[in-house]
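Comments concern the structure below.
Every value quoted in this text rests on a predicted model; they were computed, and no experiment measured them. Here is the naming used below: chain letters follow the sequence lines, and residue numbers restart at 1 for every chain.
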Amino acid sequence: MATFELYRRSTIGMCLTETLDEMVQNGTLSPELAIQVLVQFDKSMTEALETQVKSKVSIKGHLHTYRFCDNVWTFILQDALFKSEDSQEIVGRVKIVACDSKLLTQ
Amino acid sequence: MAASTTSQVYIQVIDDVMNKVRDEFVNNGGPGDEVLKELQSIWESKMMQAGAIVGPIERSGAPKPTPGGPITPVHDLNMPYEGTEEYETPTAEMLFPPTPLQTPLQTPLPGTVDNSMYNIPTGPSDYPSAGNEPGANNEIKGGRPGPYMQPPPSPWTNQNQNQNQRAPLDVNVAYVEGRDEAERGASNQPLTQDFFMSSGKRKRDEIASQYNAGGYIPQQDGAGDAASQILEIEVYGGGMSIDAGHSTSKGKMPAQSDRPASQIPQLDGPIPYDDDVLSTPNIYNYGVFNEDYNIANTPAPSEVPASTPAPIAQNEVDEEDDDDEPPLNENDDDDLDDLDQGEDQNTHHLVLAQFDKVTRTKSRWKCTLKDGIMHINNKDILFNKATGEFDF
């Protein structure tokens, strides 16, 4: 199963990365095993988002910057409005990083 | 999506990762199950600190107490706890161990036991209050130095002093430099020098009135700027000797020039006004252009600081230069070139997802995203599908 390392930049991914760094520096964990944990996290996170999350969101805003490089779209929005089923958020500046979903199905 | 649902998804992801990597930790000479549990506990605690997991972690697969098993006692806070354990009552010796009494001893000067020479302030009168307070005692007490300490005389200016009559030093007493035993016996001053001034602050007009009309303050510490006699260096065949106070016919290097020795004229920097002679010279703005290239998000200056133009010769013909045209990026309003520039690190809003389709019609962008995580306003929101419409 192909995975993205995209979700390592999320809150749960950063917390895992910091924990693994501490344990590797303490000597309680080998770097190879830490990489295996991160790879498994990529798989588990992708699977959980596919199977357990069912919500829909709409995003509107002013596109300040766009970039497409290495099959990754990067958008920077200004005055963005996020509407979900039960909440609505307004953000002055937000970055969107999106990978190509077709690469996972190949 | 509610925060509780996000927490549940995160907990399931943590459990799934732990279950899938357990074989690598336990088998094949791995670090063991204890390290795996430690990893899980630290990970969950960091998630709670970040606010991604809200409330206590409730797992569906939590071990339930088996019927007929031992019942763990629950201590209710509403009921008085009658413990069966016996605890040792803490006594005063346990809580506060006795510390040995430390009596400060004063070291007397060698050859005397007179305690009057220790000028230790014992009352409020020894610490004069500031001069701006009403009713403050601004008089200079007898036996104390004046408001401005005089510099100690240099050993080579008073060469007639007998340097061999110095008393042995005591580290507990601050000696006044340059006084010999004869002077000490004649004076009634204590041998310590009190460094408390008569007033809390020195004012510029007080200082200027003490000295000559130019407002020049003589140097009071360090090496002097100008010596009071000719300082010469004699270079011989194998060595060099420095003599002071006498003259020889061998190459003199006088330390004094024809200028007066009391003041060195200022040669560089802006000349201060007359009333600012005594102030700190660093207050003047020298106009130095300072640009820090070590700060990551420091934007480059809009214009490069122009250097001082060279004087144009009079016989040079005035020509219209091609360099007078404005720079190409003068009309750019894009002051945020870098992606991360200008973002507040405390509220870093980020969306991580996968895209299905991105289209553009003129300046209208549309995209469809899926399986994403949004971190907005310190909240994590998970979504399965997202549609975006942006105008560029």
Side-chain angles (χ1 to χ4, degrees), chain A residues 4 6-7 9-12 14-16 18-20 22-23 28-30 33 36-37 40-41 43-50 52-68 73-77 82 84-87 89 91 93-101 104, chain B residues 1-2 5 8-10 12-14 16-17 20-21 24-25 30-31 35 38-39 42-43 46-47 50-52 336 339-340 342-344 347-356 358 363 365 367 369-377 379-392:
Chain A
F4 290 127
L6 173 77
Y7 302 114
R9 293 180 61 183
S10 63
T11 305
I12 183 171
M14 292 297 289
C15 291
L16 175 61
E18 291 175 7
T19 305
L20 292 173
E22 292 175 5
M23 297 183 73
T28 57
L29 205 62
S30 64
L33 198 54
Q36 282 184 304
V37 174
Q40 181 57 50
F41 166 75
K43 296 177 182 178
S44 299
M45 195 73 223
T46 305
E47 183 181 358
L49 288 172
E50 285 178 359
Q52 299 178 25
V53 181
K54 299 298 178 187
S55 62
K56 290 181 172 55
V57 175
S58 67
I59 308 169
K60 291 184 180 180
H62 173 70
L63 183 60
H64 179 272
T65 306
Y66 62 89
R67 177 181 296 168
F68 183 65
W73 274 106
T74 302
F75 301 106
I76 291 184
L77 304 183
F82 292 85
S84 61
E85 291 148 356
D86 54 356
S87 66
E89 302 282 345
V91 174
R93 186 179 177 87
V94 64
K95 181 193 285 188
I96 300 175
V97 180
C99 299
D100 193 354
S101 63
L104 290 184
Chain B
M1 189 171 197
T5 314
Q8 291 174 6
V9 173
Y10 281 164
Q12 290 179 9
V13 169
I14 292 173
D16 188 50
V17 172
K20 296 287 179 60
V21 299
E24 282 81 4
F25 274 78
V35 177
E38 181 186 358
L39 169 63
I42 298 175
W43 188 7
K46 284 182 180 294
M47 293 285 288
L336 295 171
L339 291 178
D340 293 330
E343 291 185 11
D344 190 1
T347 57
H348 186 78
H349 309 294
L350 183 64
V351 178
L352 303 170
Q354 303 172 26
F355 70 88
D356 282 334
V358 176
S363 63
W365 288 73
C367 65
L369 308 175
K370 72 171 192 176
D371 299 342
I373 304 174
M374 299 192 302
H375 183 72
I376 293 169
N377 294 332
K379 290 189 296 184
D380 279 2
I381 301 173
L382 309 181
F383 62 87
N384 179 249
K385 291 283 184 183
T387 58
E389 294 182 2
F390 322 130
D391 56 326
F392 182 68

To the nearest 0.5 angstrom, please state how far the CG atom of B:Leu369 sits from the CH2 atom of A:Trp73. 11.5 Å
Give, for atom CD of B:Glu24 and atom CD of A:Gln36, the distance between the pair rounded to the nearest 0.5 Å. 4.5 Å
Below 4.5 Å from any heavy atom of chain A, which atoms of B:Gln12 appear? Answer side chain, backbone, both or neither. side chain
Looking only at heavy atoms, what is the nearest atom pair of A:Leu49 and B:Asn384, with distance? O-ND2, 3.7 Å
To the closest 0.5 Å, what do you measure between NZ (A:Lys60) and OG1 (B:Thr387)? 8.0 Å
Chain B shares the most heavy-atom pairs under 4.5 Å, among A:Gly61, A:Ser58, A:Ser10, with A:Gly61
May I ask you to name which of B:Gln354, B:Lys20, B:Lys370, B:Lys379 has the most heavy-atom pairs under 4.5 Å with chain A? B:Gln354
Anything under 30° is parallel, anything over 60° is perpendicular, the rest tilted; go ahead and classify A:Phe75 against B:Phe390. tilted
In chain order, what residues pass the side-chain hydrogen bond (donor to acceptor under 3.5 Å, both in side chains) check against B:Lys46, with sequence neighbours excluded? A:Glu22
Would you name the heavy atoms of B:Pro31 and A:Leu33 that are closest together and state the gap between them? CD-CD2, 3.5 Å
Spacing of CD1 belonging to B:Ile376 relative to CD belonging to A:Glu89, to within rounding of 0.5 Å: 6.5 Å
Given the rule in the side-chain contact (heavy atoms from CB on, under 4.5 Å) test, do B:Asp371 and A:Val53 qualify, once you have shown the distances and angles that lead to the verdict? CA-CA 8 Å; B:Asp371 299 342; A:Val53 181; over 6 Å; no
If one checks every heavy atom of B:Leu39 against chain A at 4.5 Å, the contacting part turns out to be both
Please check this pair: side chain of B:Trp43 against backbone of A:Ile12, looking for a donor-acceptor N/O pair closer than 3.5 Å. yes
Is it the case that the side chain of A:Ser55 and the backbone of B:Leu382 share a donor-acceptor pair, with hydrogens and angles ignored and the cut-off at 3.5 Å? yes
Could you pull out the closest heavy-atom pair between B:Val17 and A:Ser44, with the gap in Å? CG2-OG, 3.6 Å
For the NE2 atom of A:His62 and the CZ atom of B:Phe392, what is their distance to the nearest 0.5 Å? 7.0 Å
Under 4.5 Å heavy-atom distance to chain B, tell me which part of A:Val37 shows up: side chain, backbone, both or neither. both
Apply side-chain contact (heavy atoms from CB on, under 4.5 Å) to residues B:Ile373 and A:Met45 and explain how you reach the verdict. CA-CA 10 Å; B:Ile373 304 174; A:Met45 195 73 223; 3.7 Å; yes
Distance, nearest 0.5 Å, that separates CD1 of B:Ile42 from CG of A:Leu16: 11.0 Å
Work out which heavy atom in A:Leu6 is nearest to a heavy atom in B:Leu352; give both atom names and the distance. O-CD1, 3.6 Å
Chain B interface, residue from A:Tyr66, A:Phe4, A:Phe82 that has the most non-hydrogen pairs under 4.5 Å: A:Tyr66
For B:His375 against A:Thr11, the heavy-atom pair lying closest together: ND1-OG1, 3.5 Å
Leading residue by heavy atom contact count with chain A [cutoff under 4.5 Å; candidates B:Val358, B:Asp391, B:Val35]: B:Asp391
Taking the side chain as every heavy atom from C-beta outward, state whether A:Phe41 and B:Val21 have any pair of such atoms under 4.5 Å apart. no
Residue pair A:Phe68 / B:Phe355, side-chain heavy-atom distance below 4.5 Å: yes
